[in-house]
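Indexing begins at 1, ligand by ligand and atom by atom, following the structure's order.
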Amino acid sequence: MQFLGNEIPNINIEKAQAVILPVPFDASVCYKPGARFAPERILSASRALELYDEELDSEPFKYGIYTLEPIDVPIDPFTLSKEVEKVVKDIVKLKKLPVLIGGDHSISIGAIRAISDIQKEKGKNFTVLQFDAHTDMRDEYQGSKYSHACVMRRAFDFGASIIQVGIRSLSHEEKIFLDKNGIKPIWAREIYNNYQVAKSQILESIRGPLYITIDLDCLDPSIMPDVGTPEPGGLNWYQLIDILKAVCLKTQILGIDVVELCPNTVASSTEYLAARLIYKILGYIFLSRNSNN
Ligand SMILES: [Mn+2]
């Protein structure tokens, strides 16, 4: 199934600027499983999207969005990370933007590893910009170093700089680790208290290219209840897309993922939100790439 539907004109991987990789994996979600069903539901919801974007006054699909077949998921997150790493490297070799649809947050580990290897080969650094209610900085969780709760700790190990946005839940050990390594999250309550100041802090901390990982639980449960761990006090829609727009216009984006949707048993607005979010970010990235060059 193609993002935006199989009827979209001129779907062609050669001409596409972005390649979507569905990763239907959720072995490690703790509170409310089901993220494995998200890629299919998000792709299905995307068929209802308006192709024209009123904010950008353009039709972003024209820059080419190609959707790969869902990855064949193994049982354990380590093997999965190796599979994802390989496919993401292949996408980048084709000079396309990789866009992953999860799945739980563990699917990001392989993608971040791929980007890390590619940047190291070029002698370049990169930053992971994480939107999330949680820091995901545990070294190990439920016996695995490749759990959704360890994503950013692995990113740290792979040599990424880290910017965390929307955080409102973490363990004491994680806080100690952050302090020790000089990582200062932009807390959700800072965004609530003074959005413009928080946004400036995010933009000022960006140096160089970004991999963006969006755990949908960064959003407030009032608009995004269908996540594994819905933490109250999250970002609203306009805050999230406003930050994303500013970030995409400021720097190069190396890859994106959108993770942790656990679809409701009945069709719901949340899968449509996720589809809209992906189309929005792609619109911002295409705008930035095709106006700067
Ligand atoms: Mn989270």
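Taking the N/O/S atoms of His134 in turn, the shortest distance to the Mn ion (ligand 1) belongs to ND1.
At a cut-off of 2.8 Å, Asp132 is counted among the residues with an N, O or S atom near the Mn ion (ligand 1). Look at Cys218 and the Mn ion (ligand 1): no N/O/S atom of the residue is under 2.8 Å from the metal. The Mn ion (ligand 1) has an N, O or S atom of Asp217 under 2.8 Å away, backbone or side chain. At a threshold of 2.8 Å, the Mn ion (ligand 1) has a backbone or side-chain N, O or S atom of Asp215 nearer than that distance.
In summary, Glu83 and Lys86 do not engage in a salt bridge, as defined by a charged side-chain N under 4.0 Å from a carboxylate O.
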Using distance only, find each side-chain donor-acceptor pair of residues 63-73 under 3.5 Å and give its atom names and separation, not counting sequence neighbours.
residue : atom : partner : partner atom : Å
Thr67   : OG1  : Phe3    : N            : 2.8

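When the options Val258, Leu273, Ile256 are evaluated for a side-chain contact (heavy atoms from CB on, under 4.5 Å) with Ile278, the one that passes is Val258.
Residues passing the ring-ring contact (aromatic ring centres under 6.0 Å, His included) test with Tyr284: none are found, sequence neighbours excluded.
Within the 4.5 Å cutoff, no side-chain heavy atoms of Arg168 are placed close to those of Asp132.
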